[in-house]
Asks: 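The structure that follows is given in the form of structure tokens.
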Amino acid sequence: MSDQNLESEQEQEKPIKKGIYQSVRGMHDILPDQMPYWRKARRAFEDVSDFYGYGEITTPIVEPADLFIKAVGETSDIVEKEMYYLKNKAGNDALVLRPEGTAGIVRAYLEHGMQRTETHPVRLSYFGPFFRHERPQKGRYRQFWQAGFEIISTENDPIYDAQIILASYRVLEKLKLTNTTIKVNSIGSLECRKNYIKKLKAYFKTHAKKLTTEQKKKLESNPLRLLDSKDENLQELLPNVPVILDCLDTAAKKYFTKHLELLDELEVPYMLDHTLVRGLDYYSDTVFEFVLQNFDAKEEENFTLSLGGGGRYDPLFKILGGRGLAGVGAALGIERVILALENQHKIKPHELKNPVFFVHIGDLAKKKSLKIIEQLRNEKLTIIETLGKGSLSAQLKAANKHKAVFALIFGQKEAFEDSIIIRDMATGAQETIPLKRIVATLKKRFAQHD
Ligand code: AMP
């Protein structure tokens, strides 16, 4: 991390409360009761990834800073102010925590010579954490997770753009999320964009009085960024802003039209948004975003949440040294998908099916219990235990708390005789049976119970 970053981190860190450390600002623990949402999101991603033939890839969290400076662009927000730098002891190793997925994946693709070894298109997917030093707020964190899809090919064909959108759309569909919209636009080639930027600069310069100093700086360094600003003064100016589609050359227009026709063919709903530009230098032609409308009506009316986005990134291969290659990708923000899930489909806390509580009394029983429990679990019985607790009443209390259907009581006498007591927790009725019959007896009792 750079000294500058460290200083501001320290200023902003959460105070240590009652001597207990807090997680780093903007970075969160995912506790077991949240995990069902994460697993659901991860499962939906994995199902879609397998269904459409994507091979999952994991790249390191730490990458050379230069990779992102070159790929994402020096004037992007990510590179200008959001990257976490790491230093080794000598202080000269320019490494960063990865702020996004595509650059690392293209690096891995080129490094492993996939251009030669794989048949194309190469479809890759990933699921992992990313890091940006942004101002934390609801749905915006400094460590966040993304699930992404990439298609790397030897030709740039809009069929791949449509397939990438389809895969992300299917994940949201599998999660039964409603109120989602796909916004699409084309930013054309670098040449188209140069023309557009000229027009954009001229437009904003005629309204220079309404711009803040920061916005004036952005107008010089990266005017496209002004288009996705949420600042109120800019919102007023956006309706009349020049339209990028008017600046596209014939090839870019043809490409975009084909892309939209394919989305129509797939019956993937979308809307055109000519202000959508995305913040990274490596995009060309297609850009898109998945948006959740009215995300939290209670908190803020009409609040929209960007669930994910992506686009075509053919220029990235030139930047990173690959020849004759083209790529398109999308990434969904998992925390945001989970916020949407929590709002729309609460998952009930996980309830164990037919839990059996194992009670032990005495040291010999305790010693033998571990193996018996292991055998019962191997028979797919759900066993709960508190083997660390010695007292019978404490264990029966725990059995009630866990809503156990049966308790198995294994004491000194039973340990000597190779028997066990089975207790019906609802009626309190107990029966002693030989240990070797326990699985069959439990299965029979459950069958009668159901
Ligand atoms: P991007 O890589 O900026 O195109 O972002 C793709 C998606 O990742 C966004 O639409 C968000 O859902 C998610 N995302 C990006 N930045 C953050 C962040 N700081 N915190 C949480 N989610 C994020």
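For reference, positions follow the sequence shown, starting with 1. As the structure lists them, so they are numbered: ligands from 1, and atoms in each ligand from 1.
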Asks: How about F127 and F45: are their ring centres within less than 6.0 Å of each other?
Replies: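 Yes, the ring of F127 comes within the 6.0 Å limit of the ring of F45, centre to centre.
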Asks: With salt bridge (Lys or Arg N to Asp or Glu O under 4.0 Å) as the rule and sequence neighbours excluded, what pairs involving residues 167-182 come up?
Replies: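 Checked against salt bridge (Lys or Arg N to Asp or Glu O under 4.0 Å) - neighbours excluded - the pairs reaching residues 167-182 are D47-K174, R170-E173.
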Asks: Does the pair E82/R135 count as a salt bridge with the N-to-O cut at 4.0 Å?
Replies: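 Looking at R135 together with E82, the answer is no, because their closest N to O distance does not fall below 4.0 Å.
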Asks: Salt bridge or not between E374 and K371? Use side-chain N to carboxylate O under 4.0 Å.
Replies: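 No.
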Asks: With rounding to the nearest 0.5 Å, note down the distance linking NZ in K443 to CG in N354.
Replies: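 These two atoms lie 12.0 Å from each other.
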Asks: Could you tell me whether R42 and E56 have a side-chain N and a carboxylate O separated by less than 4.0 Å?
Replies: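 The answer is yes: the pair qualifies as a salt bridge.
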Asks: Taking non-hydrogen atoms within less than 4.0 Å of ligand 1, which protein residues qualify?
Replies: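 Heavy-atom contacts below 4.0 Å: R132, E134, G139, R140, Y141, F144, Q146, R278, S306, L307, G308, A331, G333, R336.
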